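Okay, structure first, notes after.
Note that this is a predicted model, so its numbers are computed, not measured.
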Amino acid sequence: MTGVLQQIADGLSTGAIYASLALALVLVNRATGVINFAQGTMGTFGAFLAWTAWSWGVPIWPAVIIAIVLSVPFGAVVERYVVRRLYGQNTLAIIIITVGMLVALTGIIGTVWGYHDREFPALFPSGVLRIGGVALSYAAIGNLLVLIVVVILMQVVFLRTRFGLAMRSVADNRDSSSLLGLPTSGLLMAGWGMAAGLGTLAACLIAPEVFLGPTMMDTVLIYALTAAILGGLDSPLGAVVAALGIGVAENLAGAYISFIGTDMKIVVPLALMAVILLLKPQGLFGHREVVRV
């Protein structure tokens, strides 16, 4: 029983990383109606900015905050000069452009910082907290606490503020929002900027667990995208619940299902996504779209 609880605890820790990037995907989708496949690489770019500031002598948490602040205008510029030209185009065109952004940013990161991996400093103290025989690292606890704070802030912004409601309105119907006098251009830029900052936070949280490199978020993107789709692309809370569930499910499957093991764990979220989309295409917490004829 202790082994199962330990696998669940480790899965929650991993799921918290997936959830932070899934939140960025949901944020872009809720603000602009676009799925950004370059979100993880944009976060990696921000993590390299944080690493650079730290290497210049800035303490790690201020370095992360600086990187997040710098990532916001970066995301806004990407929306203004790249993505905005594609609104109203075929969905496939937008997907291709965001995938192209992923490849281009990976090349830029490799050119500026090199393709070799680097060690990223720990954001939380080392050591573990033992509860009933289950060991929880302070890093895992810190990641979960950061995730909880981010989810609460996002829920407050989207459900309790005029700014958040305006962003949701622009995502639902850009033309009607413009006719109502909402600054649609600024809101779209703000949505991408916030998502870029959140992606940087996600990359900085995962970088101490792996080595910092240009492609470190590529696998995480698969899990995050799966979580966002499972939870519902319009539901931040759903994305978090799905990401935590994926983390636990893949850990348990890898530990106790022999033919899966550690090498086939990535099959678990993909199988879950296939089943959920067949039963509930809008996701577990997503809202069914109703069109009046």
If you define the side chain from C-beta out and look only at heavy atoms, does anything of [X] sit under 4.5 Å from [Y]?
| X | Y | value |
| --- | --- | --- |
| L212 | E119 | no |
| W51 | R118 | yes |
| V72 | M194 | no |
| N36 | V83 | no |
| Y115 | P214 | yes |
| N143 | I17 | yes |
| V146 | L205 | yes |
| L136 | V128 | no |

Looking at [Y], is its backbone amide N or carbonyl O close enough to the side chain of [X] to form a donor-acceptor pair, meaning the two atoms are under 3.5 Å apart?
| X | Y | result |
| --- | --- | --- |
| Q39 | A195 | yes |
| S137 | A140 | yes |
| T14 | D10 | yes |

How many angstroms lie between [atom1] in [X] and [atom2] in [Y], if you round to the nearest 0.5 Å?
| X | Y | atom1 | atom2 | answer |
| --- | --- | --- | --- | --- |
| M217 | I222 | CE | CD1 | 12.0 Å |
| L244 | L144 | CG | CG | 7.0 Å |
| L225 | I229 | CG | CD1 | 4.0 Å |
| T226 | L221 | OG1 | CG | 9.0 Å |
| T200 | L70 | OG1 | CG | 9.0 Å |
| L102 | T215 | CG | OG1 | 10.0 Å |

Next on the checklist: Run the side-chain contact (heavy atoms from CB on, under 4.5 Å) test on T41 and M101 for me, step by step, so that the C-alpha distance in whole Å, both residues' side-chain angles and the decisive distance to 0.1 Å come before the verdict.
Outcome noted: CA-CA 9 Å; T41 310; M101 287 167 50; over 6 Å; no

Checklist entry - So if you build clusters from Ile, Leu, Val, Met, Phe, Trp, Tyr with side-chain heavy-atom gaps below 4.5 Å, do I152 and L165 land together? => result no

Next on the checklist: Let me check something: do L27 and V156 share a hydrophobic cluster, defined by ILVMFWY side-chain heavy atoms less than 4.5 Å apart, either directly or through other members?
Outcome noted: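 In one cluster: no.
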
Checklist entry - L145 and side chain to side chain contact (heavy atoms under 4.5 Å, CB included): which partner among V149, L147, I141? => result I141

Next on the checklist: Quick one, V151 with L23, criterion side-chain contact (heavy atoms from CB on, under 4.5 Å). Give me CA distance, side-chain angles, the key distance, then yes/no.
Outcome noted: CA-CA 8 Å; V151 171; L23 283 173; 3.9 Å; yes

Please name the pair of heavy atoms, one in [X] and one in [Y], separated by the smallest distance, quoted to 0.1 Å.
| X | Y | value |
| --- | --- | --- |
| G46 | S71 | CA-OG, 3.9 Å |
| M216 | V220 | O-CG2, 4.1 Å |
| L21 | G199 | CD1-CA, 4.4 Å |
| A239 | A228 | CB-CA, 4.2 Å |
| A22 | A227 | CB-CB, 4.1 Å |
| E209 | A139 | OE2-CB, 3.8 Å |

Checklist entry - Can you list the steps and then say if F120 with I60 is a side-chain contact (heavy atoms from CB on, under 4.5 Å)? => result CA-CA 9 Å; F120 196 89; I60 185 56; 3.9 Å; yes

Checklist entry - Aromatic ring centroids of F48 and W113 under 6.0 Å? => result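 F48 vs W113: aromatic centres under 6.0 Å.
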
Next on the checklist: Ring centres under 6.0 Å, that's the criterion: do W192 and F74 meet it?
Outcome noted: no

Item to check | Verdict with reasoning, V150 to L198, per side-chain contact (heavy atoms from CB on, under 4.5 Å) | outcome: CA-CA 9 Å; V150 170; L198 190 53; 3.6 Å; yes

Checklist entry - If you count the non-hydrogen atoms of other residues, nucleotides and ligands that lie under 6.0 Å from CZ in F163, is the total more than 12? => result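 Buried by this count: over 12 neighbours within 6.0 Å.
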
